[in-house]
Amino acid sequence: MSEVKFEHKIASWKVDEVNSLKELLKSGNVIALIDMMEVPSVQLQEIRDTIRDSMTLKMSRNTLMKRAIEEVAEETGNPSFTKLIDCMEKGAALIATEMNPFKLYKTLNESKSPAPIKAGATAPCDIEIKAGSTGMPPGPFLSELKAVGLPAAIEKGKIGIKEDTIVAKEGDVVSAKLAVVLSKLDIKPMEVGLNVLGVYEDGIVYDPEILKIDEDEFLAKLQSAYTGAFNLSVNAVIPTSATIETIVQKAFSNAKAVSIEGAFLTSETSDAILGKATAQMLAVAKLAGEDALDDELKG
Amino acid sequence: MEYIYAALLLNSADKEITEDAVKAVLTAAGVEADDARVKALVAALEGVDIEEAIAKAAAAPVAVAAAPA
Amino acid sequence: MEYIYAALLLNSADKEITEDAVKAVLTAAGVEADDARVKALVAALEGVDIEEAIAKAAAAPVAVAAAPA
Amino acid sequence: MEYIYAALLLNSADKEITEDAVKAVLTAAGVEADDARVKALVAALEGVDIEEAIAKAAAAPVAVAAAPA
Amino acid sequence: MEYIYAALLLNSADKEITEDAVKAVLTAAGVEADDARVKALVAALEGVDIEEAIAKAAAAPVAVAAAPA
Amino acid sequence: MEYIYAALLLNSADKEITEDAVKAVLTAAGVEADDARVKALVAALEGVDIEEAIAKAAAAPVAVAAAPA
Amino acid sequence: MEYIYAALLLNSADKEITEDAVKAVLTAAGVEADDARVKALVAALEGVDIEEAIAKAAAAPVAVAAAPA
């Protein structure tokens, strides 16, 4: 394909827009393609405030962003950059940052906020309504609740839900009636914010799936690694400041065990050995019954 | 408790726990053996698995501070 | 444990734990008394408060500071 | 686990756990460091207090399987 | 614990745990490797089944059978 | 406990626990070895499976009489 | 474990734990003492209160997660 040429017919604002986008694309080492998810303006502003210092966000039309990416790829002699276009979908925006792609993903994920679910949307997870009072006075709301399958009744003068109920399972399409009810109950099952479609850094485009870090799993691995190291140090007697005490204790504990097992009296174990013999004597005494015991023992 | 220790001693020497045996041990220790008690002891320990009783008792006392659940 | 049993037997009978006494008790029980072991036993028990050790063992097998859940 | 060990090594030596540091350690060990994995490691560590994680692991050396009777 | 982690890193990467290898890893981490400690580490690991040593609990877990009173 | 440590040292080094061996170790440590005690040690450990004794102590279940709140 | 047993033997006999002392004990036991390991252990034990470490372990209450009956 020959190089892209801007003809005089293309609106100048588009040219400016593409140039502006190209500038953005060259401004950071890490470029992310974002889906705006129709995030409401209030939330968007909150998110912008959160990310202001660490990244630059720019929304635009997909076609213009595509053109900008292609041109930058060519200008910088970096064809792999165009792979980012493959991730494009829905309402996209671009982010330029120096942040590590994994951290970027985490940051944007954490900046998402709960939002109500719209009619016709798919439930992202099981939506459960907990039992309790809705705070609403008796009225048509009662039948609305019942219409969506909730066990509702008047309790202590207010409309209440009698037991925990799952009104929609993950993947279910939410009806208009249910959407209204959930909204009235102030239940926000959706997470809106900036959705990562793909992140480019150093010739590689990272798929969002790869960028997810399971923190619990990571923590478990860290702890397991530490414990393993601790064990190795003690078991192989490779002393470190963190394990020398345990090594000493283990050696002593072994010595104690052998001393007691062999009934070899030492100042550290005479009590335990005499105690063991006494315990054995008492155990046999129990079996011997009343008549064989003296008063002292019975005590 | 001398009587029980006598029994334990005989047991560890793989000797039969008879009235005469127990008496002999006690006497050697300078104890005036009570015939009735010796009889009762021997009778009571008849058929008793001393090894088993000893094994069960071997668990060393441990100071445990049970932390609330 | 035979040597320990012998010592505790004597202790229980309020007899002095001497090498001769221990040897006599062991022999009477049919245990082949090792002179060195008898010597070591008596020496090791010198200065040991037997009553105290016994009392510790006789008390609850596990001293638990059970904090209520 | 090499990535985790590299991180713990740096931590134990009071060095900062940066992408370059991790890469240097892995390379010295003859491991072909995967850039993505290194980045993932560093990002994951941001939300973790290693000393705290270690302390928690160290405090549970006694794994008690308390079986209610 | 740097020396231990260095060994575990090499082990995890299926590399031989030699004095040179350990030293290289430690140096890359910015640690001033103590020759004697490196030597001691390698010597201690000779003939040791590392996987086994890692898995065996050093501070023995205590199996508790908690019997409610 | 020197005597026991001497025995464990020999055992750990796969050496036989004989009176001469124990005496040599103690003497090298600057300890005035008591012949009777050395003899007693060797005799006492004759019937002991050291590995087993160590393992048993490490895994010993602790019977806890946990009083419920 | 020979190295630590040698060190504790010296400690138990109220002798100083020096590289020469440890080496002498190991050699007397017929062990080919690795100089680096001896050095590392002695260095690690410097500043460690052995009696205290032992007391800590002996008295360490076993933290039991008492399962409610």
Side-chain angles (χ1 to χ4, degrees), chain A residues 223-288 293 297-299, chain F:
Chain A
Q223 293 180 319
S224 165
Y226 170 78
T227 305
F230 187 92
N231 290 344
L232 178 63
S233 173
V234 175
N235 291 328
V237 189
I238 301 169
T240 70
S241 50
T243 56
I244 184 65
E245 260 194 29
T246 304
I247 292 174
V248 167
Q249 292 168 344
K250 184 176 173 198
F252 173 76
S253 157
N254 291 353
K256 192 172 172 192
V258 172
S259 168
I260 293 174
E261 188 66 25
F264 181 81
L265 297 163
T266 71
S267 51
E268 294 94 334
T269 57
S270 55
D271 277 357
I273 293 172
L274 291 172
K276 184 176 172 186
T278 305
Q280 294 176 340
M281 182 276 295
L282 289 171
V284 173
K286 250 197 183 143
L287 298 170
L293 310 182
L297 189 52
K298 286 182 188 169
Chain F
M1 278 284 221
E2 317 81 77
Y3 293 75
I4 296 283
Y5 284 127
L8 287 175
L9 202 170
L10 290 163
N11 176 260
S12 177
D14 276 313
K15 306 288 176 190
E16 228 198 308
I17 303 174
T18 65
E19 287 175 41
D20 286 334
V22 173
K23 222 168 161 188
V25 172
L26 290 173
T27 307
V31 174
E32 179 103 37
D34 180 326
D35 277 341
R37 268 197 100 186
V38 173
K39 242 181 153 138
L41 175 79
V42 174
L45 293 182
E46 206 139 307
V48 171
D49 183 330
I50 294 182
E51 304 313 323
E52 209 186 296
I54 288 176
K56 226 195 329 178
V62 171
V64 174

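Sequence lines set the chain letters: A, B, ... in the order given, protein chains first and strands last, and positions in each chain run from 1.
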task: Below 4.5 Å from any heavy atom of chain A, which atoms of F:Leu41 appear? Answer side chain, backbone, both or neither.
output: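 The answer is both parts of F:Leu41.
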State, to 0.1 Å, how close [X] and [Y] come at their nearest heavy-atom pair, and which atoms those are.
X: F:Ala44; Y: A:Gly262; result: CB-O, 3.4 Å
X: A:Val258; Y: F:Ile54; result: CG2-CG1, 4.1 Å
X: F:Ala53; Y: A:Ala257; result: O-CB, 3.7 Å

message: Would you compute the distance between atom NZ of A:Lys256 and atom CD1 of F:Ile4 and round it to the nearest 0.5 angstrom?
response: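 Between atom NZ of A:Lys256 and atom CD1 of F:Ile4 there are 13.0 Å.
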message: Rounded at 0.5 Å granularity, tell me how far CZ in F:Arg37 sits from OG1 in A:Thr266.
response: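 The CZ atom of F:Arg37 sits 7.0 Å away from the OG1 atom of A:Thr266.
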So for [X], is it side chain, backbone, both, or neither that comes closer than 4.5 Å to the heavy atoms of chain F?
X: A:Ala255; result: both
X: A:Ser267; result: neither
X: A:Glu268; result: side chain

message: Are more than 12 heavy atoms, taken from residues, nucleotides or ligands other than F:Lys39, located less than 6.0 Å from that residue's NZ atom?
response: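 For F:Lys39, atom NZ is not crowded (no more than 12 foreign heavy atoms under 6.0 Å).
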